[in-house]
Amino acid sequence: SLTIFLIFRRYIPTVLSFMASFLYFGTGYFNSIFSVTLRQEIAFTFFGFMLLVLFSKEINPKVKNLLFVIFGFSMIVSHYSTAYIALAIFLLTYICIFFYKRYEKLKVKKGKLKPDQKGQFYLTGALILLLLLFGFLWLTQLTDTSNGIISTIKTTFENIRSTFSYDLKQSSVKSALFGQSKVDTYTTKELKDYMNETKSSFIPSNPYPEQQTQIYSPKIIAGGEIIYPENKNLIYPLFYLYQFIKYLIILSFIWGSLFIYLNREKIVNKEFSFMVILSVILMFLIILLPFVSKVYNFERLFQQCLIFLSFSSIIFFQKIMKNFKKTFIFFTIFVYLGYSFFNLGILLNYSGGDPTLNLYNQGFTYNGHYSHTEEINSINWINQNNHQKIINMDFYSGLKFYAFGNPMINQDKKIVPIFISREAYIYSNYVNKIKKINYWDAREKFNGGVVSFNFPTEFLNENKNKIYNNGGSEIFK
């Protein structure tokens with residue numbers, strides 16, 4: 001955010017630069033998941049440093065190029081998907097510059113442009129080549145992380161006819177396109193029907209007989225805890241106000257970017273204007289193309305592109321309200337503060353919404369992502385005593401095993417009696433044991449993605465042996 005402020009201050013007043021940077025750290029992703037993915041956070045920092053030195057006029061050109069390469073290499077080794085997006089933006093920007101320089105030469109020959117009026121560009125072919133070569137060596141030869149992007153591109157082209165298919169897009173993309181429902185769109189009956197559909201294609205080895213599994217009946221429950229009573233007279237107007245603000249900001253990205261491009265000589269460095277336009281194009285490609293958003297987090301791309309889009313947003317509001325300077329400042333502050341307060345959960349929490357991770361140590365996100373000491377200890381015990389047996393666990397336990405345990409362990413991320421084998425271990429995390437909440441990743445069926453329902457405690461106590469219990473986590477066999 002500080003990097004954004006320092007870059008933007010070169011082109012627009014200090015107050016507007018601060019407001020644009022405020023938009024960047026007002027997103028829900030920045031204030032929740034972004035703080036957890038440290039590698040990505042570090043990569044974004046280096047990406048910001050690259051832009052800061054690239055557009056600095058005070059740094060010696062040789063020092064600038066050296067710092068740009070050092071920060072670029074650091075970004076590439078920090079986080080692969082951030083590197084892919086950054087390399088794409090820089091490469092495409094250089095291609096745009098290449099053709100734009102040819103266009104300028106033609107204008108000079110025709111006498112429509114003086115030689116000293118040609119644009120100043122900082123990206124060079126040597127810089128781009130160095131980044132691409134290092135990226136190739138690191139991402140394909142040393143770490144072998146390129147298989148994911150290759151298979152993603154292949155699958156995307158195979159499903160290109162389903163470009164407008166709702167089912168081949170991530171839930172966050174769907175909400176960006178079609179809005180978001182405040183109320184869960186699934187019911188207990190739908191959950192049971194989906195379990196029965198899944199059962200026909202997934203039969204565990206040595207399952208429990210039907211008379212034993214019938215003791216458990218799944219029931220949808222809240223994945224978090226509501227702190228304040230729901231006030232429908234307040235929560236729905238606030239929610240629709242948030243929808244209005246969100247779409248107003250999306251509109252500001254698009255029209256602001258077009259205005260910057262059409263007036264780039266007057267507003268900003270041409271290079272930066274190309275990056276703004278390319279960020280909008282990348283966003284639309286992720287939104288429109290099938291399957292891409294399923295494997296690449298849309299919020300992650302949005303946060304990276306917001307470095308450029310926040311500039312186009314402030315330019316949009318400045319343009320449409322150029323005759324109302326005082327109103328422009330207050331209106332923009334209202335829009336950005338409202339957007340931030342909604343994403344932080346400040347407004348919806350106090351009107352009966354689910355508590356947000358950055359404000360409370362409870363709620364849906366906290367339950368899913370916070371790792372208790374007892375859980376880490378039980379995962380270590382499993383690592384030492386499992387002997388390659390299958391382990392049933394809920395969706396969020398799978399993420400914790402990936403972080404603290406053996407990611408190659410034989411997992412089945414469903415704790416539902418009809419899917420449990422007699423020989424299987426059952427891993428019960430803190431939320432499963434203490435709050436009796438069970439999580440299942442059912443994105444194929446439900447728009448909400450992860451479904452929360454009751455944990456089968458009674459079935460496990462009657463049909464499994466409890467072989468580990470540390471007060472906050474249990475293991476059954």
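Numbering of residues begins at 1 and proceeds along the displayed sequence. Bear in mind that the values here come from a model prediction, so they are computed numbers and not experimental data.
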If you take all heavy atoms of [X] and [Y], which pair is closest and at what distance?
| X | Y | value |
| --- | --- | --- |
| L278 | I89 | CD1-O, 3.9 Å |
| P218 | T188 | O-CG2, 3.2 Å |
| S279 | L309 | CB-CD2, 4.2 Å |
| S371 | E375 | CA-OE1, 3.4 Å |
| I415 | N438 | O-ND2, 2.8 Å |
| I307 | S310 | O-OG, 3.6 Å |

What about the rings of [X] and [Y], do their centers lie closer together than 6.0 Å?
| X | Y | answer |
| --- | --- | --- |
| F8 | F311 | yes |
| F453 | Y439 | no |
| F90 | F68 | yes |

Just by modelled atom types, is the [Y] backbone N or O under 3.5 Å from a matching donor or acceptor in the [X] side chain?
| X | Y | value |
| --- | --- | --- |
| N432 | I437 | yes |
| Y24 | L2 | no |
| K436 | T457 | no |
| T82 | S78 | no |
| S452 | I221 | yes |
| K400 | G405 | no |
| E271 | L123 | yes |
| S421 | S205 | yes |

Do [X] and [Y] get their side chains close enough for a donor-acceptor pair, meaning under 3.5 Å?
| X | Y | value |
| --- | --- | --- |
| Y336 | S313 | yes |
| N429 | S397 | yes |
| N470 | Y468 | yes |

- Message: Contact between M393 and Q411 at the side-chain level, heavy atoms closer than 4.5 Å - yes or no?
- Response: yes
- Item | pair M195-K199: side-chain heavy atoms closer than 4.5 Å |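 Not in contact.
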- Task: Check each of L51, V280, I4 against F308 using the side-chain contact (heavy atoms from CB on, under 4.5 Å) test, and report the only one that passes.
- Result: L51
- Which pairs count as salt bridge (charged side-chain N to carboxylate O under 4.0 Å, His left out) when at least one residue sits in residues 42-51, sequence neighbours excluded? none
Look at the aromatic rings of [X] and [Y] and report parallel, tilted or perpendicular, splitting at 30° and 60°.
| X | Y | answer |
| --- | --- | --- |
| Y94 | F98 | tilted |
| Y242 | F342 | tilted |
| F134 | W138 | parallel |
| Y194 | W440 | tilted |

- Query: ring-ring contact (aromatic ring centres under 6.0 Å, His included) with F316: which residues, sequence neighbours excluded?
  - Reply: none
Roughly how far, to the nearest 0.5 Å, is the [atom2] atom of [Y] from the [atom1] atom of [X]?
| X | Y | atom1 | atom2 | result |
| --- | --- | --- | --- | --- |
| M50 | F73 | CE | CZ | 9.5 Å |
| I249 | L306 | CD1 | CG | 9.0 Å |
| I420 | Q212 | CD1 | CD | 11.5 Å |
| I277 | L282 | CD1 | CG | 11.5 Å |

[X]: what forms a salt bridge (Lys or Arg N to Asp or Glu O under 4.0 Å) with it, not counting sequence neighbours?
| X | value |
| --- | --- |
| K433 | E474 |
| K219 | none |
| K414 | D412 |
| E374 | none |

- Using the ring pair (Phe, Tyr, Trp, His ring centres under 6.0 Å) rule, pick out the option among Y396, F364, F395 that qualifies with H369.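 Of the listed residues Y396, F364, F395, the ring pair (Phe, Tyr, Trp, His ring centres under 6.0 Å) partner of H369 is Y396.
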- Exceeds 12 heavy-atom contacts within 6.0 angstrom, atom CD of E210: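 12 or below, so no.
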- Task: Run the numbers on F459 and Y216 for ring-ring contact (aromatic ring centres under 6.0 Å, His included), then give the verdict.
- Result: CA-CA 6 Å; F459 170 82; Y216 172 73; 7.7 Å; no
